[in-house]
Amino acid sequence: MSDINEPRLDLKSLPKEERLNRMRHSAAHVLAEAMVELMPEAELGIGPPIETGFYYDFRLPRPLTNEDLVWLDKRMNQSRKGKHRFQMAAISRAEAEERWAKQPFKLDLLKDIPDDGITQCTHAAFTDLCRGGHVNHTAEIGAFKLMSIAGAYWRGSEKNPMLQRVYGVLFETAEELAAHEQQIEDARRRDHRKIGRDLDLFALVDEIGPGHVIWLPAGATIRRELQRWIEDLEIDRGYQHVITPVVAKRELYVQSGHWDHYREAMYPVMEREGEEYVLRPMNCPSHIKVFQNDQHSYRELPLRIAELGNMHRWEKSGQVSGMSRVRIMTLNDAHIFCADIAQVESEVEGVLRLMEEVYGILGLKDYRYRLSLGDPDDTEKYVDNPPMWEAGETLLRDVLQRVGLEFYEAKGEAAFYGPKIDVEFKTASGKEETLVTVQVDFHLPAQFGLEYIAEDGARARPIIVHRGVISTMERMVALLIEEYEGAFPLWLSPTQVVVVPIADRHIPYAEEVAAALKAHRLRVDVDARGERMNAKIRDAQLRKVPYVLVVGDREAETQAAAVRARGGKDLGAMPVADIVAMLREERDTKALGR
RNA sequence: GCCCAGAUGGCGCAACGGUAGCGCAACCGAUUUGUAAUCGGUAGGUUAGGGGUUCGAUUCCCCUUCUGGGCUCCA
């Protein structure tokens, strides 16, 4: 064994991220030290730093409890006070195998480490197989808190045993830790599941089934506005909307390849009179049938077929969540049939520009593009056709660069039939979700033998671009609820205005004001309850209604209303005609009002 | 699907193994109010469902369903 300790490390000289990673990784060692003390039989997995802290995976003789967490936290703090030095040492394979003879996961890790690269780290009485990256001693690990216990597969594969993972958060100072806990609190407040319940936007009821969303009137209003808008945008850009059935013969999906590659994610087959039907998980085959309904000349391409239709995907039970991960979803989908690569490029570019426009209007900023590539080694998951993949990937990369969008590449994330561009965003709770994808598909045109008549009269095979823009209505609305914290811009607000009569004698005038607004398709409620004005204002604020119009004697005399904007700003009394003009302008420009 | 934790009026919560209570909301009445909660009253629960232990189960055990946190998978 040889000592390979780094010279004493000046933490302050390191970039913050590096410093935090060292603190977090060191804390994971301290956690493992505590765990081994709590349960000497513990088998150790790995303990890396993560975005807000660290985790360590263990296989334990019994499930951990919250009391264990408290104990471990306390024990870790003791170790911190001990100011134990983290000491690295290089060891031989023989030494390592002996030391971790009873640690199957460490032995598994050892297999992947070259003989001359095996190192261990010791602090206090605890030694772990480790490649390094620590602080000097345990007193330098910062402010941490053990947060939760979770299950996690060894090496992330469901074929491996399930371990118990302990998550901790860790920051340099107690203040930063407190700020992070505040953030978690804020995220809870933004959670679309909570806001959806509070504002009666949607409901999920046990009897209807997990992942089957009920859109309540308020939520359905938001959805309808989005739907009208995106369909109009698509019409402007030459898309043609179709309506195709949600059920089709199983055979259709056999031909498309979905049955082979996607069966597990489909609802079970329905059988009657010897025929097998399935609920569609995607509508590509249906749109292909639309294309095949006529002969097409090159002059008609690109042909853009769009549909906002229900898709049905059997998400695994542990995966369904609120409205962001459902089993029946309404997908904003289109298939663009292109004559050649040049058309594919310009169409993909058009889609990317449409996305930028749409997300800009919605005020979404926290998203990123991912170029999702296939994996030539995985012929099980992906259609086996290397030149096809090559061509698609190059093309998508080029277009992303040309449009000037930042993106990153990810291997093994493609659709089974081709590479794609994914747009990813973060939910309030920090989870990454895919919003939409753009895919280049050479596969389905071949499967269905698609053809068009080329300029020279010969038959040629089109290429399909699959694309979404506003994702599924479910996921987009979930995202928007969290983005706006329930306070939707005027054009999307389920109730845009509440008119508050000060006393009962003002109700007729309040109705009059409401009618004037409704004549311009504004969504208005009159709050005629026998409550005090203040209570009505409060309720409207809690419902996040954009405008409250207070009407009393003064307003009734002058055909006016006192305008109170969401958030409490008093705009004073305005003539009703001016209010209408102001609200129409705000609505029609889709102003974010922030 | 897997690991762990949960499930109590519409919502948020309480109840040493002794047949469920509070706040808000709802409903009724009084009040008629000038920019975030008027007062009083009434009603509402087979404690997710099923089984078991017990003289007795919201409470303990088992199964199912659903929810949450993760893992894996995905729009």
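Values below: all heavy atoms of this structure, side chains included; hydrogens, waters and symmetry mates excluded. Note on naming: letters A, B, ... go to the chains in the order of the sequence lines (proteins, then strands), and numbering restarts at 1 for each one.
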Enquirer: From C-beta outward on A:R197, which listed nucleotide comes closest to its side chain: B:rA36, B:rC11, B:rC74?
Expert: B:rC11

Enquirer: Go through the N and O atoms of the side chain of A:Y153 and the base of B:rG1, and report whether any donor-acceptor pair is under 3.5 Å.
Expert: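 A donor-acceptor contact between them is present.
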
Enquirer: I need the NZ-C1' distance between A:K194 and B:rG10, as an integer number of Å.
Expert: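 The distance from NZ of A:K194 to C1' of B:rG10 comes to 14 Å, rounded to the nearest Å.
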
Enquirer: Could you check whether the rings of A:F488 and A:Y484 sit parallel, tilted or perpendicular, using 30° and 60° as the cut-offs?
Expert: perpendicular

Enquirer: Any donor-acceptor pair under 3.5 Å between the side chain of A:E315 and the base of B:rA75?
Expert: yes

Enquirer: With hydrogens left out and only the distance checked, is there a donor-acceptor pair under 3.5 Å joining A:E555's side chain and the base of B:rG34?
Expert: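 Answer is yes: a donor-acceptor pair is held.
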
Enquirer: Ring of A:F171, cation from A:R24 - is the NZ or CZ under 6.0 Å from the centre and inside 45° of the axis?
Expert: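 Yes, cation above the ring, under 6.0 Å and within 45°.
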
Enquirer: Using the side-chain heavy atoms of A:R554, tell me which of these nucleotides is nearest: B:rA75, B:rG34, B:rG1.
Expert: B:rG34

Enquirer: From B:rC66, B:rA75, B:rU32, pick the nucleotide closest to the side chain of A:A503?
Expert: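 Ranking B:rC66, B:rA75, B:rU32 by closest atom to the A:A503 side chain puts B:rU32 first.
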
Enquirer: Where does RNA chain B form stems of at least three consecutive Watson-Crick or G-U wobble pairs, each pair having both distances below 3.5 Å?
Expert: B:1-7 with B:65-71, B:10-13 with B:21-24, B:26-30 with B:38-42, B:48-52 with B:60-64

Enquirer: When all nucleic acid strands are considered with a 4.0 Å heavy-atom cut-off, which category describes A:D553: base, sugar-phosphate, or nothing?
Expert: base

Enquirer: Measure up the A:Y367 and A:Y359 rings against each other and bin them: parallel (under 30°), tilted (30 to 60°), perpendicular (over 60°).
Expert: perpendicular

Enquirer: Quick one: which of B:rA36, B:rC3, B:rU33 gets closest to the side chain of A:I502?
Expert: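 Closest of the options to the side chain of A:I502: B:rU33.
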
Enquirer: Touch check for A:S317, heavy atoms < 4.0 angstrom, all strands: base, sugar-phosphate only, or nothing?
Expert: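 It contacts base atoms.
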
Enquirer: Using side-chain heavy atoms (C-beta onward) and a distance below 4.5 Å, is A:D333 in contact with A:M282?
Expert: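 Not touching, per the 4.5 Å side-chain cut-off.
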
Enquirer: Find every protein N or O atom lying less than 3.5 Å from an N or O atom of nucleotides 22-31 of chain B, and list the pairs.
Expert:
none

Enquirer: Kindly indicate whether the side chain of A:R325 and the base of B:rC74 share any N or O donor-acceptor pair separated by less than 3.5 Å?
Expert: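 Result: at least one qualifying N/O pair found.
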
Enquirer: Where the side chain of A:R538 is concerned, which of B:rC73, B:rA36, B:rG34 is the nearest nucleotide?
Expert: B:rA36

